[in-house]
Amino acid sequence: MPDPDSHAVPVTRFAPSPTGHLHVGGARTALFCWALARRLGGRFLLRVEDTDRKRSSEAAAGGILRDLAWLGIGWDDGPELEHQGETLGGDERGIGPYYQSQRADLYAKAFEALIEAGMAYPAFETEADLGAMRNAAVEAKQTFRYRQPEGYDLEASLERMRAGEEHVLRFRMPIDPVVVRDSILGDIEFTEEHTDDFVIRKRDGMPTYHLAVVVDDELMGVTHVVRGQEHLQNTPRHVALQHALGYRVPVYAHLPLIFNPDGSKMSKRDKDKAARAACKDRKLDGPPEGTVAPEAFAKWMKDKKSQLESGDLIALASALKLDLPEIDVEDFRRSGYLPETVCNYLALLGWNPGEKTEDGKDLERFDSAFLAEKFGLERVGKSASKFDRDKLRAFSQDTIGAMGPDVFEATWRAWLAEFEPAVLERVGDRFGVLARAVQPRAKTLRHALEPAAFALVDDDGYDFDAKAVKKALHKGDPSGLQVLMDLRPVIEGVVSFTAEGIESAINGFCEQREMGLGKAAQPLRVALTGSTVSPSLGETLASIGKDAALARIDRCLAQCVQGAEA
RNA sequence: GGCCCCGUCGUCUAGAGGCCUAGGACACCACCCUUUCACGGUGGCUACGCGGGUUCGAAUCCCGCCGGGGUCACCA
């Protein structure tokens with residue numbers, strides 16, 4: 001029996017079903033639950049709702065746990081996970097196990113109690129029967145609601161059940177209206193004519209979600225249920241069950257939904273959709289080499305609802321040089337967002353601290369510690385929000401820019417080691433310089449690859465942009481080409497080939513000739529990168545090293561002289 | 001379709017009857033800074049869905065309409 005005093009401690013919970021990856025909506029719910037527990041000085045628990053044995057997997061559960069840990073959302077009670085030398089979860093309060101599939105005996109007691117009280121009864125209709133009943137209702141332009149048939153013989157039915165006949169157990173939904181008190185939405189009344197006698201135990205003996213949630217929340221001492229608004233319709237059922245079982249009713253809070261920029265529901269299928277559109281755009285008849293099997297590809301292209309394996313999809317996107325929309329937490333990680341950025345942005349979707357910064361602006365940038373201190377249900381909004389990647393990227397660029405250079409270097413290195421290891425190998429011991437050059441220009445850890453691109457190609461592996469050549473090398477007097485020629489020995493002569501050393505050598509060169517730095521910088525940029533855009537000259541040169549710099553200048557000189565003469 | 005929820009700039013939002021000729025952020029545009037890019041700075045653009053009430057006064061309260069969304073499983 002539950003400890004009657006257990007509600008003295010606030011307890012929130014996140015209860016994912018392990019049928020896939022953790023997506024942003026779930027992450028935001030978890031973040032709010034976590035923050036509420038912290039703010040209230042209570043506990044945050046994690047429970048795995050794996051009563052659907054066909055769709056649940058241990059791997060998915062593990063992935064969700066790791067994603068939460070990566071975000072910095074640690075749980076007090078729940079499955080154990082080692083994360084950065086710390087153990088998350090555990091069963092300090094003795095309320096586990098935390099997998100619903102392992103809690104059958106607990107649900108069995110609830111079933112018995114309900115049957116005993118006449119609040120539950122077995123039903124023997126097959127799926128086909130129910131389908132027919134549903135169709136009949138549709139034809140009669142009515143909403144199908146299961147109710148105990150007239151003339152139902154409870155004793156006989158219980159007898160059949162005990163004899164082992166296949167059945168489901170249904171809850172006899174009371175006819176009184178149920179009022180759901182929601183901390184965000186207010187009181188909402190659900191009347192009897194829109195509820196039904198829902199299934200609480202499936203044919204396979206597993207409890208349904210409704211029964212399991214109610215039993216577990218009670219037994220685990222959950223005081224605050226914070227979840228997405230898609231669950232709102234379920235709540236009257238849960239409240240009715242709580243009444244029937246003599247349980248306490250927790251505080252409910254239903255969070256507004258998160259949508260795509262176009263207003264559609266954010267779904268894992270969006271990634272397939274984007275990839276499919278790209279394939280169509282490029283008029284591909286078959287999959288790019290080494291990505292997906294041709295048959296699988298053809299099938300996937302045809303069936304708009306089908307999804308590719310996560311790994312295949314990533315391979316395909318990378319072959320097409322396509323950025324998939326990020327939906328799952330791991331997508332954001334792969335795209336090079338920092339967990340603190342993701343949490344900060346997510347927290348602002350539906351909540352805000354209502355505080356101003358020193359210069360009178362709305363306070364938007366904060367860390368999870370701040371959230372844990374300030375979060376409350378009172379300031380959660382009611383309306384759905386659209387996920388704005390531009391704003392997320394702006395947040396990301398700012399957090400990256402604000403990191404100490406050494407921290408950024410280490411963070412970027414770790415990310416590259418996991419997702420783009422070839423880059424580290426190529427850059428070698430010049431990585432530190434490159435990191436410094438790229439940091440202020442990086443929107444995400446992956447995006448940092450763009451401003452770094454010049455250092456990641458072979459010395460003859462890039463083209464000289466025609467416009468840039470014309471503008472920076474062929475114009476002026478002396479021409480850029482001439483300046484470049486004169487600059488070559490200066491660069492060759494730099495002893496300490498660091499950003500500072502190079503910079504001062506070039507500055508000296510310009511001063512001596514009494515010309516603007518731009519006259520030297522732009523020709524050099526074109527020679528070294530093929531374009532007029534790069535980090536500061538010192539950083540650019542130091543990032544590739546002296547040998548490469550000279551080789552690139554020589555190639556440029558050789559290749560671009562012809563144009564000048566013509 | 002029934003039921004339920006929601007409705008302030010393009011987007012995220014501040015706003016709890018007068019402080020609102022509606023503030024901030026992102027995006028966008030212009031200018032400044034500058035060896036390019038990025039950063040930074042300055043300025044600009046753009047919103048209370050519509051119609052009725054209540055009130056001296058409404059973005060804020062009430063009603064209707066319209067619009068958007070959720071949900072109607074032996075999935076969670």
Side-chain angles (χ1 to χ4, degrees), chain A residues 15-19 49-52 54-56 100 123 125-127 130 134 138 141-145 167-170 180 182 184-186 188-191 193-196 198-204 206 208-210 212-213 227-236 254 256-257 259 261 263-265 345 348-352 354-357 359-365 381-395 397-398 401 438-443 451 468 472 503 506-507 510 516-522 524-526 529 531-537 540:
Chain A
S17 71
T19 54
E49 311 225 319
D50 58 347
T51 52
D52 184 342
K54 283 192 209 85
R55 297 201 306 155
S56 299
Q100 290 186 327
E125 291 86 357
T126 62
E127 303 260 13
L130 290 170
R134 224 164 260 133
V138 170
K141 300 202 170 176
Q142 285 177 335
T143 311
F144 174 68
R145 299 182 339 262
H167 69 283
V168 298
L169 205 58
R170 285 182 182 268
V180 173
D182 187 282
I184 297 169
L185 267 12
I188 304 158
E189 188 179 72
F190 294 87
T191 49
E193 60 260 37
H194 305 291
T195 59
D196 64 352
F198 55 95
V199 174
I200 53 178
R201 185 172 66 198
K202 299 185 257 187
R203 197 162 291 264
D204 66 2
M206 279 298 218
T208 58
Y209 159 72
H210 305 295
V213 178
R227 57 186 8 171
Q229 233 175 66
E230 71 269 20
H231 285 289
L232 187 57
Q233 258 67 15
N234 293 149
T235 311
H254 290 91
L257 271 12
F259 292 112
S264 62
K265 199 175 173 181
Y345 180 72
L348 248 14
L349 248 32
W351 182 83
N352 75 80
E355 292 183 18
K356 301 278 182 198
T357 59
D359 49 349
K361 299 182 171 176
D362 292 358
L363 180 65
E364 286 196 319
R365 310 303 177 91
K382 294 181 175 185
S383 51
S385 41
K386 290 171 185 161
F387 194 92
D388 181 3
R389 284 194 183 71
D390 283 333
K391 186 150 177 170
L392 206 218
R393 280 169 83 83
F395 274 38
Q397 177 156 20
D398 283 359
V438 140
Q439 184 184 357
R441 295 160 176 80
K443 294 184 197 293
E503 206 99 8
I506 295 174
N507 281 331
C510 289
L517 192 48
K519 291 287 275 179
Q522 291 311 80
L524 253 182
R525 282 206 166 82
V526 174
T529 72
S531 78
T532 52
V533 176
S534 88
S536 79
L537 279 184
T540 303

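In what follows, chains carry the letters A, B, and so on, assigned in the order in which the sequence lines appear, proteins first and then strands, with residues in each chain numbered from 1.
- Among the protein residues, His254(A) comes within range of no part of the nucleic acid, since none of its heavy atoms lies under 4.0 Å from any strand.
- Summarising the base pairing, C66(B) is matched to G7(B) through a Watson-Crick or G-U wobble pair whose two defining distances lie under 3.5 Å.
- Counting any heavy atom pair closer than 4.0 Å across all strands shown, Leu130(A) reaches a base atom.
- Counting non-hydrogen atoms under 4.0 angstrom, Glu355(A) reaches nothing in the nucleic acid.
- Among the atoms of the strands shown, none is found under 4.0 Å from any heavy atom of Gln439(A).
- Residue Lys202(A) has no polar side-chain atom (N or O) positioned under 4.0 Å from OP1 or OP2 of A73(B).
- Formation of a donor-acceptor pair under 3.5 Å by the Thr540(A) side chain with backbone atoms of Pro535(A) is found in this model.
- Within the structure, every side-chain polar atom (N or O) of Thr208(A) is placed at least 4.0 Å from both OP1 and OP2 of A76(B).
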How does protein reach along nucleotides 36-42 of chain B, written 5' to 3' as B (base within reach of a heavy atom under 4.0 Å), S (only sugar-phosphate), or - (no contact)? BBSS---

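- Across all strands, Arg134(A) comes closer than 4.0 Å only to sugar-phosphate atoms, never to a base (heavy-atom distances).
- The partner of G1(B) is C72(B), judged by Watson-Crick or G-U wobble contacts that both fall below 3.5 Å.
- When each of Val213(A) and Ile188(A) is assigned the nucleotide of RNA chain B with its nearest heavy atom, Ile188(A) is the one assigned upstream, toward the 5' end.
- When the ring pair (Phe, Tyr, Trp, His ring centres under 6.0 Å) test is applied to Phe395(A), no partner is found at least two apart in sequence or on another chain.
- With a 4.5 Å cut-off on side-chain heavy atoms, Gln229(A) and Ile184(A) do not count as touching.
- A donor-acceptor pair is defined here as one N or O able to donate and one able to accept, closer than 3.5 Å; no such pair exists between the side chain of Asn352(A) and the backbone of Leu348(A).
- Rounding to the nearest 0.5 Å places OG1 of Thr19(A) at 14.0 Å from NZ of Lys54(A).
- At a threshold of 4.0 angstrom between heavy atoms, the contacts of Lys265(A) are confined to the sugar-phosphate backbone, with no base atom among them.
- With sequence neighbours excluded, no residue satisfies salt bridge (Lys or Arg N to Asp or Glu O under 4.0 Å) with Asp388(A).
- Under the Watson-Crick and G-U wobble criteria, each requiring two contacts below 3.5 Å, nucleotide A14(B) is left unpaired.
- Remark: of the listed residues Lys382(A), Arg227(A), Gln233(A), Arg227(A) is the sole one forming a side-chain contact (heavy atoms from CB on, under 4.5 Å) with His254(A).
- As judged by a 4.0 angstrom heavy-atom cut-off over every strand, Val199(A) is placed among residues touching the sugar-phosphate backbone only.
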side-chain hydrogen bond (donor to acceptor under 3.5 Å, both in side chains) between Ser534(A) and Thr529(A), worked out: CA-CA 7 Å; Ser534(A) 88; Thr529(A) 72; 5.5 Å; no

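- Atom-to-atom distance recorded for Leu169(A):CG and Arg203(A):CZ is 12.0 Å, nearest 0.5 angstrom.
- The nucleotide G43(B) finds its pairing partner in C29(B), both defining distances of the Watson-Crick or G-U wobble pair being shorter than 3.5 Å.
- At a threshold of 4.0 Å, the pair Glu230(A)-Lys265(A) does not count as salt-bridged, since none of the basic side-chain nitrogens sits closer than that to a carboxylate oxygen.
- Annotation: of the two residues near RNA chain B, Ser264(A) and Gly360(A), the 5′-most nearest-nucleotide partner is Gly360(A).
- Base contact: Asn234(A) has a heavy atom under 4.0 Å from a base atom.
- Annotation: side chain to side chain contact (heavy atoms under 4.5 Å, CB included) contacts of Thr357(A) (sequence neighbours excluded): Asp359(A), Lys361(A), Leu363(A).
- Looking only at distances, no side-chain donor or acceptor of Ser385(A) sits under 3.5 Å from a matching main-chain atom of Leu349(A).
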What nitrogen or oxygen pairs link the protein and nucleotides 19-21 of chain B at under 3.5 Å?
none

Are there any protein N/O atoms within less than 3.5 Å of an N/O atom in nucleotides 11-16 of chain B, and if so, which ones and at what distance?
{"residue": "C12(B)", "atom": "OP1", "partner": "Lys386(A)", "partner atom": "N", "Å": "3.0"}
{"residue": "C12(B)", "atom": "O2'", "partner": "Leu348(A)", "partner atom": "O", "Å": "3.4"}
{"residue": "C12(B)", "atom": "O2", "partner": "Lys391(A)", "partner atom": "NZ", "Å": "3.3"}
{"residue": "U13(B)", "atom": "OP1", "partner": "Gly350(A)", "partner atom": "N", "Å": "2.9"}
{"residue": "U13(B)", "atom": "O3'", "partner": "Asn352(A)", "partner atom": "ND2", "Å": "3.1"}
{"residue": "A14(B)", "atom": "OP1", "partner": "Asn352(A)", "partner atom": "ND2", "Å": "2.6"}
{"residue": "G15(B)", "atom": "OP1", "partner": "Arg379(A)", "partner atom": "NH1", "Å": "3.3"}
{"residue": "G15(B)", "atom": "OP1", "partner": "Arg379(A)", "partner atom": "NH2", "Å": "3.3"}

